[in-house]
*Asks:* 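Pasting a structure here, questions to come.
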Amino acid sequence: MEKLLEEQLQNNADKVKGVLNILLESPYFYRTDNEDLFMYLRRYRSEFAVFFREYYGWELIIDEKCARVYKEKWYNDAIPPSHRMQFNLTQRDECIAFMLLIEFFEHQLEENSMTVEDRTNLRFIFTDLLEYEARRFAELFSGSDKYTAEYIRGNILRSLLPKLIKYRFILEVPKPQGMDLNRDQYIYEALPALYHYNSGRLGQGIFTDEQAGKNNETSVESDNDINDNEETDTHDSIAGDDDFESEDSNDGTDSDSGVTRLISELDEA
């Protein structure tokens, strides 16, 4: 198999180098980034998978719209989690809001009868996400009046959404020319990476005793802040953590139990 990739490197050096570079330049390689190279990767996925596994110990993950490489182990312990180029959520409320975004995404897919095989991606209006998050926060913290829609908008989503855009989970759709929209009317596109996450498994994966060696343990210093030295590593720049990910987002796990467990673990910390 390795020999086959060497043959491709000799015959199609530009394509092989292009695929390898795109996979490492951002957390996700989307089909829409470069359809020609994406289809080339899918055609020779076995050869690329062997290359990453044999030389780096990484796993190549690819579906209809998205490809990425999963790195299970961080080798340079001299670089603390806070200095690593990865998607880190360092506040409890942001962790919960991200899980609820995955819930919202899953519900929207079901309501619109959409799957990863659809050529178009799910789009949603900000106000719909805000209403969902506000309702779920109210359910999860029924004894508190803290989590109003305005609080979630200004103190949670305002900081979370730019991170999700930067790491290519969502895309802010440009406003139609000549149309004046307020923030609640902004349209976002859910990018294919969200299919790799499952809200139930995400909640279970954040706080498991077995993760002590993976830099994924978290402790709470205050109501919202998570210890900077033990950040929640939700996504590595090359790959994520297997406990947060699922190629099949419909594995039957109860998403509500995952969120509830997250809150319980944080409150007990």
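Worth knowing before you read on, the calculation uses all heavy atoms, side chains too, and leaves out hydrogens, waters and symmetry mates.
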*Asks:* Step through the shown structure and confirm whether more than 12 heavy atoms of other residues, nucleotides or ligands are within 6.0 Å of CD on E111.
*Replies:*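 Yes, enclosed.
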*Asks:* Evaluate the side-chain proximity of L161 to F126: yes if any heavy-atom separation is below 4.5 Å, no if none is.
*Replies:*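 Yes, at least one pair of side-chain atoms sits under 4.5 Å.
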*Asks:* Within this structure, what is the CZ-CG distance for the pair R168 and L194, rounded to the nearest 0.5 Å?
*Replies:*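 CG of L194 is found 12.5 Å from CZ of R168.
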*Asks:* Let's go through F51 and L20 carefully: what are the C-alpha distance in whole Å and the side-chain angles of both, what is the deciding distance for side chain to side chain contact (heavy atoms under 4.5 Å, CB included) to 0.1 Å, and is it a yes or a no?
*Replies:* CA-CA 10 Å; F51 169 79; L20 295 176; 3.9 Å; yes
*Asks:* Find the distance between CD (E103) and CD1 (I96) and round it off to the nearest 0.5 Å.
*Replies:*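 So the CD of E103 and the CD1 of I96 are separated by 11.0 Å.
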*Asks:* Between CG of L24 and CG of N21, what distance do you get to the nearest 0.5 Å?
*Replies:*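 Separation between the atoms: 7.0 Å.
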*Asks:* Assigning hydrophobic clusters by single linkage (Ile, Leu, Val, Met, Phe, Trp, Tyr; side-chain heavy-atom cutoff under 4.5 Å), is Y75 placed with Y55?
*Replies:*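 Result: no, two separate clusters.
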*Asks:* Are F48 and F52 close enough that their ring centres sit under 6.0 Å apart?
*Replies:*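 No, too far apart.
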*Asks:* Do the non-hydrogen side-chain atoms of K65 and Y30 ever get within less than 4.5 Å of each other?
*Replies:*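 In short, these two side chains do not touch, never coming nearer than 4.5 Å.
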*Asks:* Any donor-acceptor pair under 3.5 Å linking the side chain of Q185 with the backbone of N182?
*Replies:*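 Yes, because the side chain of Q185 sits within donor-acceptor range (under 3.5 Å) of the backbone of N182.
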*Asks:* May I have the step-by-step check of salt bridge (charged side-chain N to carboxylate O under 4.0 Å, His left out) for K73 and E59, ending in yes or no?
*Replies:* CA-CA 11 Å; K73 179 181 178 181; E59 179 185 356; over 6 Å; no
*Asks:* How long is the span from the CG atom in L129 to the CG atom in L157, to the nearest 0.5 Å?
*Replies:*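 Here the interatomic distance stands at 5.5 Å.
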*Asks:* Side chains of I165 and L171: does their closest heavy-atom pair fall under 4.5 Å?
*Replies:*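 Counting from C-beta outward, I165 and L171 never come under 4.5 Å.
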*Asks:* For E106 versus N198, what's the shortest heavy-atom pair and its separation?
*Replies:*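 Looking at all heavy atoms of both residues, the shortest contact is OE2-CA, 3.6 Å.
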*Asks:* Only distances under 3.5 Å count here; give the side-chain donor-acceptor pairs of residues 37-44 to other protein atoms, sequence neighbours excluded, each with its distance to 0.1 Å.
*Replies:*
from, atom 1, to, atom 2, distance (Å)
Y40, OH, Q8, OE1, 2.6
R42, NH1, E64, OE1, 3.3
Y44, OH, Q8, NE2, 3.3

*Asks:* With a 4.5 Å limit on heavy-atom distance, are the side chains of S113 and D118 in contact?
*Replies:*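 No, their side chains stay 4.5 Å or more apart.
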*Asks:* Output the distance between atom CE (M114) and atom CZ (R123), rounded to the nearest 0.5 Å.
*Replies:*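 Separation between the atoms: 10.0 Å.
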*Asks:* Is the distance between the ring centroids of Y151 and F137 under 6.0 Å?
*Replies:*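 Centroid distance F137-Y151: not below 6.0 Å, so no.
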*Asks:* Cation over ring, R53 on W58, under 6.0 Å and within 45°?
*Replies:*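 Ring-cation test returns no.
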*Asks:* In this structure, which one of F169, Y28, F105 forms a ring-ring contact (aromatic ring centres under 6.0 Å, His included) with Y195?
*Replies:*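 Testing each of F169, Y28, F105 against Y195, the sole residue satisfying ring-ring contact (aromatic ring centres under 6.0 Å, His included) is F105.
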*Asks:* To the nearest 0.5 Å, what is the distance between CG on L109 and OG1 on T115?
*Replies:*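 Separation between the atoms: 8.5 Å.
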*Asks:* Considering the options I156, I125, I152, which one meets the side-chain contact (heavy atoms from CB on, under 4.5 Å) requirement together with L130?
*Replies:*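 Checked I156, I125, I152 against L130; only one passes side-chain contact (heavy atoms from CB on, under 4.5 Å): I152.
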*Asks:* Using a 4.5 Å cut-off on heavy atoms from C-beta on, say whether the side chain of R68 contacts that of L60.
*Replies:*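 No; the side chains remain at least 4.5 Å from each other.
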*Asks:* Is a donor on one side and an acceptor on the other found under 3.5 Å between the side chain of N76 and the backbone of A78?
*Replies:*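 Yes, the answer is positive, given that a donor and an acceptor are paired below the 3.5 Å cut-off.
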*Asks:* Would you check if the side chain of K15 reaches a backbone N or O of D36 as a donor-acceptor pair within less than 3.5 Å?
*Replies:*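 Side chain of K15 to backbone of D36, a donor-acceptor pair under 3.5 Å: no, none is there.
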*Asks:* Answer yes or no: does atom CG of D14 have more than 12 heavy-atom neighbours from other residues, nucleotides or ligands under 6.0 Å?
*Replies:*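 No, because the 6.0 Å sphere around CG of D14 holds 12 heavy atoms or fewer from other groups.
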*Asks:* For the residue pair Q86 and P81, what are the closest heavy atoms and their distance?
*Replies:*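 That closest heavy-atom pairing would be NE2-O, 3.5 Å.
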*Asks:* Where do F87 and L89 land on the side chain to side chain contact (heavy atoms under 4.5 Å, CB included) test, with the steps shown first?
*Replies:* CA-CA 7 Å; F87 172 52; L89 296 181; 3.6 Å; yes
*Asks:* Would R135 and E131 count as a salt bridge (charged side-chain N to carboxylate O under 4.0 Å, His left out) if you check the C-alpha gap in whole Å, the side-chain angles of each, and the deciding distance to 0.1 Å?
*Replies:* CA-CA 6 Å; R135 177 174 63 81; E131 289 176 0; over 6 Å; no
*Asks:* Do you know which two heavy atoms are closest between H196 and P192, and how far apart they sit?
*Replies:*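 Heavy-atom minimum between the residues: CD2-O, 3.9 Å.
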*Asks:* If you compare all heavy atoms of I170 against all heavy atoms of A190, which two are closest, and at what distance to 0.1 Å?
*Replies:*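 Looking at all heavy atoms of both residues, the shortest contact is CG2-CA, 4.5 Å.
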*Asks:* What do the steps show when you test E133 against R136 for salt bridge (charged side-chain N to carboxylate O under 4.0 Å, His left out), and what is the final call?
*Replies:* CA-CA 5 Å; E133 295 262 357; R136 291 292 285 118; over 6 Å; no
*Asks:* Can you check side chain to side chain contact (heavy atoms under 4.5 Å, CB included) on D93 and K146, steps first, answer last?
*Replies:* CA-CA 12 Å; D93 288 349; K146 172 182 177 181; 4.2 Å; yes
*Asks:* Please give me the minimum heavy-atom distance between P176 and L181, naming the atom from each residue.
*Replies:*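 Of all heavy-atom pairs spanning P176 and L181, the closest is CD-CD1, 4.3 Å.
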*Asks:* Could you check whether the rings of Y132 and H107 sit parallel, tilted or perpendicular, using 30° and 60° as the cut-offs?
*Replies:*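 Ring orientation, 0 to 90° scale: tilted.
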*Asks:* When you compare the side chain of D33 with that of R31, does any pair of heavy atoms fall below 4.5 Å?
*Replies:*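 Sidechains of D33 and R31: no contact.
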*Asks:* Quick check: do L101 and L164 have side-chain heavy atoms less than 4.5 Å from each other?
*Replies:*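 Heavy-atom side-chain distance check passes, below 4.5 Å.
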*Asks:* Would you say that I61 contacts V69 through its side chain, given a criterion of any heavy-atom pair below 4.5 Å between the two side chains?
*Replies:*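 Answer no - side chains too far apart.
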*Asks:* Using the ring-ring contact (aromatic ring centres under 6.0 Å, His included) rule, pick out the option among Y188, Y197, F124 that qualifies with F104.
*Replies:*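 Of the listed options, the one satisfying the test is F124.
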